[in-house]
Amino acid sequence: MPELSHRRRLLVLAICCMSLLIVSLDNTVLNVALPSMQRELHASVSGLQWTIDAYTLVLASLLMLAGSTADRIGRKRVFMAGLIVFSVGSLLCSLAPNLELLVVFRMVQAVGGSMLNPVAMSIITNTFTDARERARAIGVWGAVVGISMAAGPLVGGLLVESVGWRSIFWVNLPVGLAALLLTLRFVPESRAPKARRPDPVGQLLVIALFGCLTYTIIEAPDASTARIVPFAVVAFVALLGLLRYEPRRAEPLIDLRFFRSAPFSGATVIAISAFAALGGFLFLSTLYLQNVRGLSALHAGLWMLALAAPTMLCAPLSGRLVGNRGPRLPLLVAGCAMTASAVLFAAFEAETSNTTLLVGYVLFGIGFGFVNAPITNTAVSGMPRAQAGVAAAVASTSRQLGQTLGVAVVGAVLASGVTASAYRQTFVSAARPGWWILVACGAAVLMLGALTTGRWARRTAERTADRLESPEVREASGVSA
């Protein structure tokens with residue numbers, strides 16, 4: 001990629017952030033619309049889980065393939081294809097006549113979305129070559145998540161109240177078209193120096209692992225053991241297959257050597273934990289505010305601003321801290337805030353009081369605002385630039401997998417405890433185990449943030465990067481520098 005002027009680099013960053021905006025906005029807006037969709041489509045709790053998890057599950061399954069494909073055939077080309085597919089999927093979602101087709105069209109959306117975020121991050125990583133400038137750019141990238149969280153509840157609430165839940169998918173169409181035209185004009189093409197070959201066996205194993213694991217968790221409360229066990233077995237076999245098959249390939253879909261780096265491994269688990277907490281938090285909060293408190297979609301969206309606004313404000317601050325002082329402090333702040341928030345709900349029933357509900361939302365927003373930038377920066381900073389697409393895709397996959405598991409696990413816990421005949425009376429007690437799960441997620445962010453950001457961890461990252469770039473390994477494995 002040729003060296004770009006400062007102004008052109010900022011423009012590329014803005015275009016990439018537009019793709020993140022529609023992908024992130026879509027999840028936030030959808031959460032606000034869940035109760036309306038539940039009433040119109042007669043969906044159960046598991047049905048609502050699938051409207052979210054069908055999207056995040058496909059994203060998690062295809063992000064690594066999209067990252068390596070973009071490194072091979074061109075990041076701009078894959079990015080533009082993703083914008084087109086995502087926009088078409090959004091249009092189809094708005095026309096879905098029933099829950100089953102809505103879930104299918106959400107999967108179409110996700111196919112396009114899988115070509116956006118990891119590829120955009122790879123474009124940013126290769127555009128901003130200076131470490132501090134890249135950290136600030138990633139901080140802006142993280143702030144877009146906060147913007148989407150702030151705008152999503154309000155936009156979603158207004159659209160659901162005035163037009164209906166189908167209109168929430170229309171927002172993606174003008175933004176997607178504008179991003180497509182700007183990408184065509186201003187984003188330069190780039191690719192890795194050496195093309196990576198596809199890994200269809202590895203890809204199928206990833207799909208089998210994520211799909212069967214998610215199905216097992218979501219359907220466990222209602223399905224029989226005979227129906228669930230085969231999917232659990234397939235997930236376990238797929239995991240063993242990945243661990244055995246991928247290290248034998250010259251150019252694997254998942255380069256397991258990345259995980260020899262303590263910061264990279266830590267960032268992966270932190271991403272899963274943080275986004276599992278986010279998925280579970282939004283799922284429980286949306287259902288509580290509208291189905292238990294009886295608030296409208298707009299009023300529920302206004303409550304969610306207490307979570308979204310701190311995220312938007314803290315994300316760029318986190319990016320600056322990562323650029324100037326490293327990822328340790330932002331991760332510690334994130335872990336403490338997210339854990340404290342979940343404890344308020346788990347131990348003190350924070351949702352039953354306006355004051356504690358507000359404090360819990362603000363604390364979680366602060367924690368989530370601080371966590372995103374250090375995850376991304378840690379995941380890509382210790383890897384060779386030529387592998388930026390794959391490294392960023394693993395980080396993005398961890399986010400989506402975490403959100404998928406968060407909704408699946410917390411939703412399954414809720415479904416097993418709430419009763420249809422006394423929904424409002426049983427919701428708070430049924431949700432409490434879910435909140436304790438979120439406490440564990442926050443504690444994991446805190447502990448891993450402390451353990452994987454020290455000198456020992458940095459040394460493992462340096463050794464891993466040297467090994468990935470060494471001529472002997474490149475000659476033996478075909479991994480490009």
Side-chain angles (χ1 to χ4, degrees), residues 23 25-61 85-113 152 156-157 159-161 163-173 207 210-224 227-228 231 279-280 282-292 296-297 300 400 403-416 418-421 423 427:
V23 173
L25 188 68
D26 199 68
N27 271 336
T28 312
V29 171
L30 183 67
N31 271 279
V32 176
L34 284 178
S36 297
M37 294 166 59
Q38 185 179 31
R39 289 189 294 270
E40 182 175 329
L41 301 178
H42 308 290
S44 63
V45 173
S46 63
L48 295 180
Q49 289 173 270
W50 279 118
T51 61
I52 298 174
D53 275 0
Y55 180 81
T56 55
L57 178 61
V58 173
L59 277 180
S61 299
V85 175
F86 186 86
S87 299
V88 171
S90 298
L91 179 61
L92 292 174
C93 285
S94 71
L95 303 174
N98 53 53
L99 180 66
E100 290 75 16
L101 282 177
L102 176 61
V103 170
V104 171
F105 295 151
R106 286 281 288 167
M107 296 173 75
V108 174
Q109 244 192 330
V111 172
L159 289 175
V160 171
E161 289 291 306
V163 184
W165 66 264
R166 297 178 186 278
S167 62
I168 64 177
F169 297 104
W170 299 345
V171 179
N172 301 328
L173 302 180
I207 293 173
F210 291 173
C212 291
L213 178 62
T214 304
Y215 182 90
T216 300
I217 295 172
I218 290 179
E219 298 297 332
D222 301 319
S224 63
R227 182 178 164 188
I228 291 299
F231 288 91
L282 292 178
F283 190 79
L284 289 176
S285 296
T286 300
L287 294 180
Y288 173 78
L289 291 173
Q290 295 187 56
N291 287 352
V292 178
S296 66
Q400 300 303 328
Q403 192 163 353
T404 301
L405 294 177
V407 173
V409 173
V410 171
V413 169
L414 178 66
S416 64
V418 73
T419 59
S421 59
Y423 187 93
F427 186 94

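Throughout, residue positions are numbered sequentially from 1 according to the sequence presented.
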Validation row: [X], [Y] side chains within 4.5 angstrom (heavy atoms):
{"X": "V32", "Y": "I168", "answer": "no"}
{"X": "V292", "Y": "L287", "answer": "no"}
{"X": "L101", "Y": "P97", "answer": "yes"}
{"X": "T286", "Y": "P35", "answer": "yes"}
{"X": "L48", "Y": "V45", "answer": "no"}
{"X": "V111", "Y": "F86", "answer": "no"}
{"X": "Y55", "Y": "T404", "answer": "no"}
{"X": "L102", "Y": "M37", "answer": "yes"}

Do you know which two heavy atoms are closest between [X] and [Y], and how far apart they sit?
{"X": "F283", "Y": "G411", "result": "CE2-CA, 3.9 Å"}
{"X": "V85", "Y": "G112", "result": "CG1-N, 3.5 Å"}
{"X": "I52", "Y": "L30", "result": "CG1-CD2, 4.1 Å"}

Taking [X] for its side chain and [Y] for its backbone only, find out whether a donor-acceptor pair lies under 3.5 Å.
{"X": "R166", "Y": "A96", "answer": "yes"}
{"X": "S285", "Y": "L282", "answer": "no"}
{"X": "R106", "Y": "A54", "answer": "no"}
{"X": "S94", "Y": "L91", "answer": "yes"}
{"X": "Q49", "Y": "V407", "answer": "yes"}

For N291 and Q38, test the side chains for any donor-to-acceptor distance below 3.5 angstrom and give the result as yes or no.
yes
Is it true that the side chains of E100 and W50 contain a donor and an acceptor less than 3.5 Å apart?
no
Kindly assign one of parallel, tilted or perpendicular to the pair F427 and Y423, based on the angle between their ring planes and the thresholds 30° and 60°.
tilted
Take Q109 and S90, measure what side chain to side chain donor-acceptor pair (under 3.5 Å) needs, and give me the verdict at the end.
CA-CA 6 Å; Q109 244 192 330; S90 298; 2.9 Å; yes
For the CD atom of Q290 and the CG atom of L34, what is their distance to the nearest 0.5 Å?
8.0 Å
